[in-house]
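In what follows, a single structure is set out as structure tokens and then discussed.
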Amino acid sequence: MSGQRLQAEAEPELAPAPLSVRGGGHDRAGRVFRWLATGSGVLILAVLAAVAGFLLLEAWPALSASREDLAAISWIPDDGSLLGYVGPLVFGTVLAAILALLLAVPVAIGIALFISHYAPRRLADVLGYLVDLLAAIPSVVYGLWGGLWLAPKLQGVWGWLSDNLGFIPLFEGPAATPPRVMMTVGVVLAVMILPIVTAVSREVFLQTPRLHEEAALALGATRWEMVRMAVLPFGRSGVISASMLGLGRALGETMAVLMILSPGLTYSWALLMAGRHQTIAANIALQFPEANPLGVSALIATGLALFVITLLVNMAARWVVSRRAAFSGAN
Amino acid sequence: MAQRIDVKDLDVFYGDFRAVADVSMVIEPRSVTALIGPSGCGKSTFLRTLNRMHEVIPGAHVQGTVLVDGVNLYDREVDPVAVRRQIGMVFQRPNPFPTMSIAENVLAGVRLNNRRISRSDAADLVESSLRGANLWKEVKDRLHKPGSSLSGGQQQRLCIARAIAVKPQVLLMDEPASALDPISTLAIEELIAELKNEYTIVIVTHNMQQAARVSDRTAFFNVTEAGEPGRLVEMDDTRTIFSVPSQKATEDYISGRFG
């Protein structure tokens, strides 16, 4: 976790003061810098702890409330179970994010490789610039674009999928019209996270040591084989990090989901049917203006769930990267 | 397996700049040919034209012919990828694939040519290649450790094992020992002496004692001034080059008067 790294940075006091013979002037600058760096490291830990503390504190009334009190809130199921409320939201959030990742990462790797290893330099520069530009578009614009322009275009595709592949639970029909469904959300989220995943992957691919590329070529690798032998293994951990950045954005995305998805609280795999799914972030934005104090607390409890998911995802990513650290080329 | 190389009137260009001019030489099979000369004389560039590795640099191209076993490497229908599968290369800095184990590194080139190799064949090939590179005894108990866990000299011998695993006709070496300590260098030189029984070897070196020790023939490249192309000054038996060279420039260079 990033927390561990920051703690490590926060412990240089143990080291003897470097080169103290040189006298006060140099040493003071070093000390100031050390405190600044240590302070920044501690600050990020403090912010993280503050957010976690806030979520726990504010969610506590809902976590400890009786079922009757919770059932009185209009948008909580009649049995008054907070877990029964959070469960489908967690499911919907993770489903949307994974769908987005599955759609975006292969395309992002393709674009990144094209820019780093296939395109002529001038085209690569232009493309790289365009990708960075895409990353700067605010999500509400993506929401508008997805809801108003893309969704009608996708309606036919979704109809075809449910007609022909409806036997797969994911494509169970009939496809909703208008297609305010999870699949459309997945596509729009994929477009949203595409730039960040592409940009980070491209940077990593560009850093592949020339030595390794030449090693592959000298063995008689074609360009694609060279990419597979040298570039992709070298960039693997970077691509995972990039995907996690994208996943984080997809997990927390609010506006685009809110504007596209017709919400519902079920554990449904039917991606093409409306009123089945909702994500945590979009749900908070939707319900917050109307919520009473206990309702706000319940919403914050769902926020706590999102916080935990994000932590787990990041830890899993770290674990995947560290598992083959000896083979990473960093040593 | 080893092949004779005939180079005729070869010019090498980077874009419009002519880096090497007018090289003609014959490289005999089962021999070691050393390319020596001052920095910037084009000897490494020339070496790379022998397996078309110079084409990795955008704008690099050649004029002239390189015949290996009678086939011109620069014929229109010759695929550079096929050339590099027959003519192996070892680089100045050891470059095993860091994401692969020692055994996978040895098999990397073989997997390109022939994906379906049985487990026992693969194990045999790993052993014979590592034995061929004098590395087997040191690594046989840790074949599944990463290649980057070895010392520099061991990594370089691993790269040689990787190159000979595909049974090339020719082995090109671009200053293979210049990043190594004296003991590792000695190990590499002894290895070269053994490898020449099976392969045609061309080696670029800055170390003239090394050229004198390992090679049968020596080619001296020189460049008169910056901006001018490098040229082959003379090529002869190594003993002749280092005792009675026919050119004044060669004598000046090997006696340390410049370069």
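Note: hydrogens, waters and symmetry copies are ignored here, and every other heavy atom, side chains too, is used. Convention: sequence-line order gives letters A, B, ...; per-chain numbering from 1.
A/Arg223 does not touch chain B: none of its heavy atoms, backbone or side chain, sits under 4.5 Å away. Neither the backbone nor the side chain of B/Pro58 has a heavy atom closer than 4.5 Å to any heavy atom of chain A. Residue contact with chain A, scored on non-hydrogen atoms closer than 4.5 Å, involves the side chain of B/Arg48 exclusively. If you measure heavy-atom distances from A/Glu214 to chain B, the contacts under 4.5 Å come from both the backbone and the side chain. At a 4.5 Å heavy-atom cutoff, the contact between B/Ile87 and chain A is made by backbone atoms alone.
B/Thr49 places no side-chain N or O within donor-acceptor distance of the main-chain N or O of B/Arg52, the cut-off being under 3.5 Å.
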A/Phe171 and A/Trp269: CA distance, side-chain angles, deciding distance, ring pair (Phe, Tyr, Trp, His ring centres under 6.0 Å) verdict: CA-CA 8 Å; A/Phe171 302 131; A/Trp269 292 105; over 10 Å; no
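B/Arg119 and B/Asp121 are not joined by a salt bridge, as no carboxylate oxygen comes within less than 4.0 angstrom of a charged side-chain nitrogen.
A tilted orientation is assigned to the rings of B/Phe221 and B/Phe46, their planes being inclined by 30° to 60°.
Taking the ring axis of A/Phe114 as reference, the NZ or CZ atom of A/Arg202 does not stay both within 45° of it and closer than 6.0 Å to the ring centre.
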